[in-house]
Number of protein chains: 2
Amino acid sequence: MRRPAEHSLALKPRPAGTTLQQWLYGALCDAIRDGTLQPGGRLPTTRSLARDHGVSRSTVTAVFEQLLADGYICARVGRGSFVAPGRSPQPDGAADVPLPASPIEPFLSRRGRQMAHHGAHLLARHEQLPRTFDADRIDPSLFPSPIWARLAARRARCYEGRITERPHGQGLASLRQALADQLALTRGLRVDAGQIAIVSSTREAADLLVRLLVNPGEPVWLEDPGSHALATLLATAGAKVVPVPVDDEGLRVDAGVQAAPRARLACVTAAAQMPLGPPLSPGRRIALLGWAQSTGAYILDKDLDGDFHFAGPPPEALKATDAADCVIHLGSLACSIAPSKRLAYVVLPSRLVDPFCQAMALTHGQPSLLEQAVLSDFIAEGHWARHIRHLRSVYGLRADALRHHLDRHFGHWLQLPSIQRGLSVTARLPDGIRDAEVAAQADAAGVSVTPLSAYRLAHATPAGLRLGFAAFSEVSIRSGVQLLARAIG
Amino acid sequence: MRRPAEHSLALKPRPAGTTLQQWLYGALCDAIRDGTLQPGGRLPTTRSLARDHGVSRSTVTAVFEQLLADGYICARVGRGSFVAPGRSPQPDGAADVPLPASPIEPFLSRRGRQMAHHGAHLLARHEQLPRTFDADRIDPSLFPSPIWARLAARRARCYEGRITERPHGQGLASLRQALADQLALTRGLRVDAGQIAIVSSTREAADLLVRLLVNPGEPVWLEDPGSHALATLLATAGAKVVPVPVDDEGLRVDAGVQAAPRARLACVTAAAQMPLGPPLSPGRRIALLGWAQSTGAYILDKDLDGDFHFAGPPPEALKATDAADCVIHLGSLACSIAPSKRLAYVVLPSRLVDPFCQAMALTHGQPSLLEQAVLSDFIAEGHWARHIRHLRSVYGLRADALRHHLDRHFGHWLQLPSIQRGLSVTARLPDGIRDAEVAAQADAAGVSVTPLSAYRLAHATPAGLRLGFAAFSEVSIRSGVQLLARAIG
């Protein structure tokens, strides 16, 4: 892509006692605040900033990531970074989520710019080659592809007669029954298969549910730190995103009630708060369900990796104790099967089954019937349970390895919880450390750790790093920790 | 479902010279207008109305369908029919589309009620057994399922290594190339495979594009008569739906410019206006493209069954002459492959490729990679071309049979255009005939014809019937026409 010739950007001098990165971050913030860099304007490239100011490119990249996380700038793949139009960063605890706005592209709608802007990050992440400790990655080599292929081949043949049938509005009945059986067995969740709908991804379901349940302008609780993707989906549907702080017991229901008592929807990750890790405590579960029952709100509980627990019983689904039938349980299969299958499911309150399936018929309809049939067989013939057990043992060993090596190299500098479940772990850093800086140093060394501040919506986050371990061998984990230690030790 | 005990509804007496159906329609309209039937209230069942007033149930059903089409009432599958809240029918030519509102269900958002309401119709239609002359049905028995199954089995095996890969943001490159080659060959549309994105259905793409391109409150042109489903999608995205009348040359661009010169988007069916049939004329194409170019609007051209032409060359895609690169070509594969495959594609203006794929990554992502790979092989190995040729010859014979039998039984009472393309034909009725009544009579006789008035958005439609012929054997077509003649002759 051709770029216009760039002039050097004048920045205020570096004060004594600051790191290069601190200085550059502050100087760019100032340039944005005082208008040297105009809203909507393009920032110099990382390359030219590095050259002009004698810093390493990785430092510049780290600063850009921090500016991005803080909402000062926004990025478009292949286009560069732009000053967010008319933005100033939100003070801690502000009620509105500081969604980074996008550069001016008048050929898109406002929400279209938000969608494209955030989607660009997702695509860029998907398209990158995996790097050690990338979170949200699985190890595809562990998938029993030959078994899946055999089942697919068989289904393709025996489906001949029905291959052109239109899938039922809720999804293949045998698959829904198989999922209902699994949920009862592993998550204490007894539901009728009639309450389950098959979707192609949890995000597709969320995109539909928000529009189905929330009027424009109505408030929705969202865990903070939490998912920027979900925040964007909510905002583009016109919902008023209310970031609700999270502590070691999960969502602070009291803070939610204080900020928006009449929210229509609360989005949570009850099995394990994303990104902090702990499950929603029993007391908070009762408080959350009680609030929803008394106000008629819904709870959207996204269960990303609930199948992976290495110690103790599997976490009980929030919907298992949902007497008022107001919890929507979103179940992902991307980690336990494969993202390419495009299959997920949603357990719905009874009164939402019809409207959800009706709205889905209008907006996109059912995912591929063949894939549904193959997954149904895969579960029914015991392959899924075997596969999950296998993943659990391999991922458990990887979790142990990560813990061992981190303890050895970092000791108490990194506070590591015991890794009882999931595919990633979030380690806390000492107070006063800027996690984005640490992550940038790691990044420069070729290791990918995600700072907790990257999940910040409005409230200050504790300093911490999220490290994925599922996709990496124990050898990679060891050398990854060594690289990390050298980079930030 | 248990219903509350119903009281008989008192209706004004039947005036002399009116049919039972005319009387019942008028009496129910009056009851709604004068508040005997309250907005949001449930109507008596068809069974009880038929019993209480001594009319056949099919007459009541026909009247309900007319009330539904006219926006007086709305229906929920398994729940009954309800008076649309606060609605009065729109006069002809009103600028706003009279979307039927839904019964009060405070647990859904307003747009959620619209989505569920319209989706219920779609689901009900999908779940019905096919009846002769149902439009929008194909004959699944003609699909070469054994070939598809063989390709699927092979791909499943050879995909082993890649089966867990995440599909690329735009879809499988080989499939996009195959589609680009086909479009050049059959539709005069020369595009780079990089402008094509694979989606799971045309409706999914439309749902995303509307949000991506149109700000809430901005006007969008929609052909009238046209698609209620698309009108609902547009309205739920906050767009201001501007119904633009259609004549024998297609969309009346002049009327669109007069009603909403600054519309952001114009939704058309250029190859064959749905439901009237004729293609957008060359003059109108130039006018439409000129308007879009001068205002920066987009044109969404939905191509449902462009592969089926029985006489003359295939229709040229509107995008083939799109010098300003403002046409979005939505290609369905539901008719030429199978609805269950969940595959469709969209040819995008260059500047929309990135934003569309980015937004798709945020909202739902790619359809199944396995199905994409199988379709790619199916096209590359020549099966698709062979299959389309076969369908064309079979459907062509069925079109001839329909024409022959309709001419024989109805003569000039039904004005039938020559059937040159598509999977259905729209016959015009003499002026003054109420097509909904004719359709109701046919319905009572077990034949499914769709009245043009069912596609009415705001402007009066000519009287006519849409008859699907693709899904029915020549024998069924003959006996269907005989039934039709007996019912309405």
Side-chain angles (χ1 to χ4, degrees), chain A residues 107-112 115-116 118-120 122-123 126 140 143 145-146 148-149 152-153 156-157 159-161 163-167 169 200-201 203-204 207 211-215 229 232-233 236 338-342 351 354-355 357-371, chain B residues 107-112 115-116 118-120 122-123 126 140 143 145-146 148-149 152-153 156-157 159-161 163-167 169 200-201 203-204 207 211-215 229 232-233 236 338-342 351 354-355 357-371:
Chain A
F107 62 96
L108 298 180
S109 67
R110 285 181 292 276
R111 66 186 153 197
M115 293 166 96
H118 196 90
L122 295 175
L123 276 183
H126 294 172
F143 188 73
S145 294
W148 187 275
R157 279 191 303 273
Y159 243 60
E160 272 186 28
I163 210 161
T164 50
E165 269 178 26
R166 209 180 269 273
S200 71
S201 67
R203 210 170 280 142
E204 175 188 278
D207 182 41
R211 291 186 278 164
L212 197 60
L213 302 177
V214 182
N215 285 308
T232 305
L233 273 188
T236 56
S340 70
K341 301 288 171 253
R342 311 308 303 152
R351 65 188 175 288
D354 276 356
C357 295
Q358 288 158 356
M360 191 160 71
L362 181 72
T363 52
H364 34 70
Q366 277 285 304
S368 156
L369 196 57
L370 179 62
E371 299 278 25
Chain B
F107 63 95
L108 297 180
S109 67
R110 286 181 292 277
R111 65 185 154 199
M115 292 166 97
H118 195 89
L122 295 175
L123 276 184
H126 294 172
F143 187 73
S145 294
W148 187 274
R157 278 192 304 273
Y159 243 60
E160 274 187 25
I163 210 160
T164 50
E165 268 178 27
R166 208 180 270 272
S200 71
S201 66
R203 211 170 280 142
E204 175 189 280
D207 182 41
R211 292 186 278 164
L212 197 61
L213 302 178
V214 183
N215 285 308
T232 305
L233 273 188
T236 55
S340 70
K341 302 287 171 253
R342 313 306 304 149
R351 64 189 177 287
D354 276 356
C357 295
Q358 288 158 355
M360 190 159 73
L362 181 73
T363 53
H364 34 69
Q366 278 285 304
S368 156
L369 195 58
L370 179 61
E371 300 277 25

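Predicted model, so just to flag it, every value in this text is computed and none were measured. Below, chain A is the first sequence line, B the second, and so on; all start at residue 1.
A pairwise comparison of heavy atoms in A:A156 and B:A153 identifies CB-N, 4.3 Å as the closest pair. Looking at every heavy atom in both residues, B:M115 comes nearest to A:A359 through CB-CB, 3.9 Å. In plain terms, the two heavy atoms of B:S368 and A:S368 that are nearest each other are CB-CB, 4.0 Å. Nearest heavy-atom pair across A:H118 and B:L362 is CD2-CD1, 3.7 Å.
Here the CZ-CG distance, from B:R351 to A:L108, works out to 9.5 Å after rounding to the nearest 0.5 Å. Atom CZ in B:R111 sits 7.0 Å away from atom CG in A:N215 (nearest 0.5 Å). Put simply, CZ on A:R342 and CZ on B:R342 are 13.5 Å apart, with the number rounded to the nearest 0.5 Å. In this structure, CG in B:D207 is found 4.0 Å from CZ in A:R211, a value given to the nearest 0.5 Å. Rounded to the nearest 0.5 Å, atoms CG (A:L370) and CD (B:E371) are 5.0 Å apart.
Here the side chains of A:C357 and B:L123 are in contact, with some heavy-atom distance below 4.5 Å.
Only the side chain of B:L122 comes within contact range of chain A, judged by heavy atoms closer than 4.5 Å. Both the backbone and the side chain of B:T363 come within contact range of chain A, judged by heavy atoms closer than 4.5 Å.
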